[in-house]
Amino acid sequence: MKKVLAIAGLTWKSAFRYRLFWIMAALLLGAVVGLPLMLKDDGTAKGLVQILLTYTLGAVSTLLGIATLWLSCGTLAKEVEECQMQVVTVKPIARWQIWLGKWLGLLALDAALLALAGAAIFALLQWRSGRLPAAEQKILRDEIFIARAAVRYHPPDLSGEIEKRMRQRVKDPAAMDPATLAEIRQQITGDVRSSITEVTPGHRRRWGIDLHSLRERLGGQALELRVKFHTANPDPDIRYLTGWIVGPPNSPQQVGIEQRLPPDSFQEFQIPNVLDDKGILWVDFLNPNETSLSFPMEDGFELLYPESTFGVNFVRGLAIIFCWLALLASIGLAMASFLSFPVAAFASLGLLLMGLSSGTLSTVVEQGTIMGYDSAKGGYSHSPIDLVIVPAFGVALKIVKLVESFSPVDSLSTGKSVTWGELGLAVAQIVLLLGGVFCVFGIICFTRRELATAQGNV
Amino acid sequence: MSASAVIPADAAPAAANPASGQPVVAVRGLTKIFKDFWGRPRAKAVDNVDFEVRPGEVFGLLGPNGSGKSTTVKMLLGLLYPTRGHIEVFGHSPRHVATKAKIGYLPEESYLYRFLDSHETLDFFGNLFDLTSAQRRQRNEELLEMVGLNQVRTRVVGEFSKGMQRRIGLAQALINDPDLVILDEPTAGLDPIGCREVKDLILALARRRKTVILSSHLLSDVEDVCDRVVIYYGGRVHAMGSLKELLVQPDTVRITAPLLSRQTMEKVLAIIRQDVAAERIQIDNPTQNLESYFLEVVRQAKERLAETSGAISGSRVAAYLRGDAESAPETDKVLERLTLSAAPKAVESAPAPAAQGAPKVDQARLESLAKAAAPEPPSPSLSPPPPVDMDKANQKLSSLLGPPPDR
Ligand SMILES: Nc1ncnc2c1ncn2[C@@H]1O[C@H](COP(=O)(O)OP(=O)(O)OP(=O)(O)O)[C@@H](O)[C@H]1O
Ligand SMILES: [Mg+2]
């Protein structure tokens, strides 16, 4: 461990000796203080704070991310090229210890810089919101400077219902063309889903959310409902009347609430905390409008409850960003373990860009081809390389999702809690799983590498 | 006078230096071929080399530039992996991590961290050896004192002059009090005092029964400190053995006498010519030392194997630099220089027999030598190599090229 720390200390020391630390710190602080001056907000305090958080955190992670990649490629590849590594590896230290030491050194550097930038952002937020009128401050406290966890509605399993309808509709599946069969199945699935999500005029829908594990924690505290619905007419200026009944069915505890809400965006309002004996919160929705409203299966209905303070949440958000940086450091080091400096830097930047362009990946995977839409044929053309590319992209997409499924910046700027569970998952997926893969790969390459093939020119 | 020397290449090394315990380093059939990106061979740096280094020995790797010395050293340290062959260091593979605690290495150039000062450098390497902080502090002090850098301990290594970097490199190599010290051209870039100090250091290590492997092309360094040497050319070993073994020429005889008159000389030559073909007789001053020996090995190696991946030694000084188109000295000219009738300068370059410690002619010896059909290994008392004297070499050079400008 002493040896690993000695190597890590070296990275740290070089960052100070070459003034890299101070330059990075100045850049980060510049971004935190300078960016907000150039930003245009929508005039409300909430909008200002949201945009502030989004941009400063985004800028800080981008800056640190690029610096981490660059440094991690540099610290290893340069030392191999300039032969310092030759003197280190003839000492009784294993190659994996050197590699790990480099990684830890970079992490320490990242942690220090991220903490510095985070503290600056936090201080800036406090300072700017402290000067707002009291009413505005209250909105901020209720909606942004808070950590609200979300409980989602878990939709029931629909496959039984779909099979039942399939059997009613298709008497003899063996006699039918598979393509037609698939089409019918798709149609039925759509029907079943919309029968649940869609609330036709004058009808009601009921959700039950199991909160029994949170009962004690919540006490009698009010909850917040976050809903989203679509209509046939996507005009955001129309407000639809919605009626809500909260509480155990047919009990005197039930409370009715009326809200006028716009479609296609998340809407939040308070509801009382009235659970039934089993700890389930029942919510009924009534649609008094002329058109049907449809609540999407995935995010149409969520319950929010205060989980923690903004400060704690902020730190957890930064910790997820730190997980990303740790992954970048291991990617950079892994590339530098077998490539020379400029090549390693470009290779890892390329990998990063590929990760960021997951949109393209998912389009390809969805369409099943890289050829794109062929308007002459009125469909998607296919090419033989699709056989290789599409599954490969599918795998790549899954990997990218492991990293990108976390959105600490979004959560922080909407007052949503970044839970400990989420943070744990981030550590497991980003650092341990993916970072570990790069780590093992890098260490294997580095161990097998001949370190004296470069003739130094120091 | 001496007849043509034969180089005992691939001579059995064990004769003079009886093996004492397990070898520290054993190398068998070692070959290194540098390949390019596509795996095509680019340079054969080391070619089927065998040698052993025994405990307590100072072992020299000699050879012209690019002959594979550093490559061999780097393979011993696990920095390069052999293409073929087998290496054992303290009975382990060179990549065995724990054995490295017993090794100290000075690379051919300063490969240290440029942003650390000398104190921090030693502290860092001390940490890699898991030394306690008290040990580190003490060794730090002593080493910096030894290499003469304690005045500049807070300056960063990147600012050091070449010789200073060499010194801190040497200190770094000794921080763990290694049992095996591998020095790649330790005196390169050092001032004369520094060179002397390094040589004294090597001798001191040898006295403490440490094993030293020294790679160099500075013959005086090697001659002063090494017990045994191998001579590389083009990646192959062309000679190996103890210095004593190598420098003795068992199949030649040298009669050393004070300078003779021209007539006597001619008479003697006439007698010898009756037995031996004229072109096999050589007359020179007895300066057989490592330098001439080395040059001879390289010359022969070049004849046998025209190809080396290293540097070809330059030929003589370019004609335009020498001023006149001096031709090679003919026997006559040499004779002139060597006989009494020559100018006083010749006297100066002639060796004083007493100083050389050459054997007196002894009747019994003469007889035994005369009847020996196959030369038996000569006992050291018969014809010991002339004592080391680099001044001789320099004088010889200056008599060839004229005096060095600074004298
Ligand atoms: N990394 C490398 N890639 C390709 N060829 C190399 C490499 N390292 C050494 N060589 C070649 O191997 C041969 C031996 O080189 P090496 O450095 O061992 O010589 P050396 O005996 O140490 O010479 P010097 O006295 O100049 O230090 C040379 O021809 C050199 O060009
Ligand atoms: Mg060398």
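In what follows, chains are A, B, ... by sequence order, proteins preceding strands, each numbered from 1.
Electrostatic pairing of B/Glu57 and B/Arg209 does not count as a salt bridge here, judged by no charged N lying under 4.0 Å from a carboxylate O. A salt bridge links B/Arg208 with B/Asp177: the closest approach of a Lys/Arg side-chain nitrogen to an acidic carboxylate oxygen falls below 4.0 angstrom. Note on B/Arg114 versus B/Glu159: no salt bridge recorded, every NZ/NE/NH1/NH2 to OD/OE distance being 4.0 Å or above.
When atom types are taken as modelled, the side chain of A/Lys3 and the backbone of A/Pro92 share a donor-acceptor pair closer than 3.5 angstrom.
In terms of heavy-atom pairs under 4.5 Å with chain B, the best-connected choice from A/Lys13, A/Gln97, A/Met85 is A/Lys13. With respect to chain A, the highest number of heavy-atom pairs below 4.5 Å among B/Leu77, B/Ile182, B/Ile175, B/Asp130 belongs to B/Asp130. Between chain B and the options A/Val88, A/Thr89, A/Leu10, A/Thr447, the largest number of non-hydrogen pairs under 4.5 Å is found for A/Leu10. Here B/Leu116 is the residue among B/Ile103, B/Leu106, B/Leu116 with the most heavy-atom pairs under 4.5 Å with chain A. Per-residue counts of heavy-atom pairs under 4.5 Å with chain A were compared for B/Asp123, B/Leu80, B/Thr71; the largest is that of B/Leu80. Of the residues considered (B/Phe129, B/Phe124, B/Tyr81, B/Phe125), B/Tyr81 shows the highest number of contacts with chain A, using heavy-atom pairs under 4.5 Å.
Side-chain contact check for B/Arg136 and B/Asn127: at least one donor-acceptor pair (N or O, by modelled atom type) lies under 3.5 Å.
Contacts between A/Leu5 and chain B at a heavy-atom distance below 4.5 Å are absent for every atom of the residue. No part of B/Leu76 comes within reach of chain A, as not one of its non-hydrogen atoms sits under 4.5 angstrom from that chain. The contact between B/Glu120 and chain A is made entirely by side chain atoms (from C-beta outward), counting heavy-atom distances below 4.5 Å. At a 4.5 Å heavy-atom cutoff, the contact between A/Arg95 and chain B is made by side-chain atoms alone. With a 4.5 angstrom heavy-atom cutoff, A/Glu79 touches chain B only via side-chain atoms.
With ring centers used as reference points, A/Phe446 lies 6.0 Å or more from A/Phe338.
Both tests hold for A/Lys78 against A/Phe341: distance to the six-membered ring centre under 6.0 Å, angle to the ring axis within 45°. Within the cation-pi definition used here (under 6.0 Å to the ring centroid, within 45° of the axis), B/Lys32 qualifies as a partner of B/Phe34.
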